[in-house]
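Single-structure report; data block below.
Numbered from 1 within each chain, the chains take letters A, B, ... in sequence-line order.
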Number of protein chains: 2
Amino acid sequence: MNIRHVPPGGGESPCHYRRALEIVSTKWTVLVFYELEFGKKRYSELKRRIEGVTQKMLTQTLRQLERDGLVKREVYPTVPPTVEYELTPLGMTLIEPMRALHQWTEAHYDAVLRAREAYDDEGLRSPD
Amino acid sequence: MNIRHVPPGGGESPCHYRRALEIVSTKWTVLVFYELEFGKKRYSELKRRIEGVTQKMLTQTLRQLERDGLVKREVYPTVPPTVEYELTPLGMTLIEPMRALHQWTEAHYDAVLRAREAYDDEGLRSPD
DNA sequence: CCGAATCCGTTCCGATACTG
DNA sequence: CAGTATCGGAACGGATTCGG
């Protein structure tokens, strides 16, 4: 398999990587994933655990993941409604790649912050 | 190291993974990365190879990557200006995680598309 | 050749109110 | 409890114009 999305010749490629990126492009998607990685959870529990998410964004994110076949939604007809979400087998295959990204963050995010400071300081100096 | 960003106890965590995600959150970021993975390239070459990118977005993406210390920008004072971009050592450490995500795409994107079709078809059926 | 600056339509997202 | 509906501001992103 080749990583190139455009062959050296300069021709077109049907690589849909760009489209696929949208699957995990939002921050909420990732956070939902890290919650469900440990097993099924109820809607309210997700909402409680994912700091700062609105019910609109949480629902929207879950719907999208369900549509993409990454998350399974299960409704129990109890008197107060109960809805549980869990990763599908397909969804579980995404855990590893996301874990790799997460580990990169843990290892290098400080360096990024330092780079930003250096870059911003540089801009302040008058070039004389 | 633990992947959990919120401990089971329910306490807060200073995990900045959300912020870090923004580094690679745009589609252009990823495409630029896959170009520079093979060595330094000129601005015009990047623009030519990355189908559909506007100069605004390309410049904006490159500036951001430069600020984050992932890409190095080199200006040659030639008569027509020449600017080359290349990954920094820090930037190169991101290649592997992104490759993992890319490989996931190659392997499972078809399944996602099928899941979408199934989901959408389901919605068309009147629940009766 | 490389890029900044502006305008402007579209999309995103939070806040709020309402439902089974 | 688990959503849906609507509104409005903010941010994104494309097209265009101008500058070194």
Side-chain angles (χ1 to χ4, degrees), chain A residues 10 18-19 21-32 35-36 40-68 71-86 119-120 122-124 126-128, chain B residues 10 18-19 21-32 35-36 40-68 71-86 119-120 122-124 126-128:
Chain A
R18 300 149 84 133
R19 286 290 164 100
L21 239 199
E22 296 167 7
I23 295 174
V24 288
S25 60
T26 88
K27 64 176 178 181
W28 301 123
T29 302
V30 185
L31 295 177
V32 166
E35 290 300 332
L36 295 183
K40 61 173 62 176
K41 286 199 170 63
R42 298 184 54 173
Y43 180 88
S44 54
E45 192 176 357
L46 290 173
K47 176 132 176 30
R48 197 180 334 113
R49 291 176 63 88
I50 302 177
E51 190 92 11
V53 73
T54 61
Q55 100 284 48
K56 177 184 178 178
M57 288 319 293
L58 180 56
T59 300
Q60 182 175 308
T61 301
L62 287 168
R63 284 291 176 285
Q64 184 120 17
L65 288 173
E66 187 193 3
R67 189 171 100 102
D68 287 350
V71 158
K72 178 158 171 280
R73 176 172 180 264
E74 209 155 357
V75 182
Y76 301 92
T78 54
V79 178
T82 300
V83 182
E84 285 187 338
Y85 294 90
E86 65 180 326
Y119 183 92
D120 293 345
E122 197 69 17
L124 292 183
S126 45
D128 181 54
Chain B
R18 300 150 84 134
R19 286 290 165 98
L21 239 200
E22 297 167 5
I23 294 173
V24 287
S25 60
T26 87
K27 63 176 178 180
W28 301 124
T29 302
V30 185
L31 296 177
V32 165
E35 290 299 332
L36 294 184
K40 60 172 63 175
K41 286 198 172 61
R42 298 186 52 174
Y43 179 88
S44 53
E45 191 176 358
L46 289 173
K47 176 132 178 31
R48 197 179 333 113
R49 290 177 63 88
I50 301 177
E51 191 89 11
V53 72
T54 62
Q55 63 59 289
K56 178 184 178 180
M57 290 317 294
L58 180 56
T59 300
Q60 181 175 308
T61 301
L62 288 168
R63 282 294 175 283
Q64 184 118 21
L65 289 174
E66 187 193 3
R67 189 171 102 102
D68 287 349
V71 158
K72 178 158 171 280
R73 176 172 179 265
E74 209 156 358
V75 183
Y76 300 94
T78 54
V79 177
T82 298
V83 182
E84 284 187 340
Y85 295 90
E86 65 180 325
Y119 183 93
D120 294 345
E122 197 69 17
L124 292 183
S126 46
D128 185 42

Angle of first-five versus last-five pair axes in the helix from C:dC1-D:dG20 to C:dG20-D:dC1, to 10 degrees: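 Overall, the helix from C:dC1-D:dG20 to C:dG20-D:dC1 bends by 40° from one end axis to the other.
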Taking [atom1] from [X] and [atom2] from [N], how many angstroms apart are they, rounded to a whole number?
X	N	atom1	atom2	answer
A:I50	D:dA2	CD1	P	13 Å
A:Y76	D:dG3	OH	C1'	18 Å
A:R48	D:dC1	CZ	C1'	11 Å
B:K47	D:dA15	NZ	C1'	12 Å

Tell me whether the OP1 or OP2 atom of [N] has a side-chain N or O from [X] closer than 4.0 Å.
X	N	answer
A:T54	C:dG14	yes
B:Y85	C:dG3	yes
B:R42	C:dC1	no
B:R73	C:dC2	no

Note, A:V53 side chain near A:L46 side chain (heavy atom, < 4.5 Å):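 Sidechains of A:L46 and A:V53: no contact.
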Compare every heavy atom of [Y] with every heavy atom of [X], then report the nearest pair and how far apart it is.
X	Y	answer
A:Y119	B:R67	CD2-CG, 3.4 Å
B:E35	B:K41	O-NZ, 2.9 Å
A:T54	A:K47	C-CE, 4.4 Å
B:Y43	B:Q55	OH-CB, 3.0 Å

Look up atom [atom1] in [X] and atom [atom2] in [Y], then write down how far apart they are to the nearest 0.5 Å.
X	Y	atom1	atom2	answer
B:R42	B:R48	CZ	CZ	9.0 Å
B:S44	B:E84	OG	CD	9.5 Å
B:L65	B:R73	CG	CZ	13.0 Å

Contacting residues from residues 55-68 of chain B, given that a heavy atom lies under 4.0 angstrom of DNA chain C: B:Q55, B:K56, B:T59, B:R63
Among C:dC2, D:dA2, D:dC1, the one nearest A:S44 by side-chain distance: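 Of C:dC2, D:dA2, D:dC1, D:dA2 is nearest to the side chain of A:S44.
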Candidate list A:L58, A:L62, A:V32, test side-chain contact (heavy atoms from CB on, under 4.5 Å), partner A:Y85, passing option: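 Of the listed options, the one satisfying the test is A:L62.
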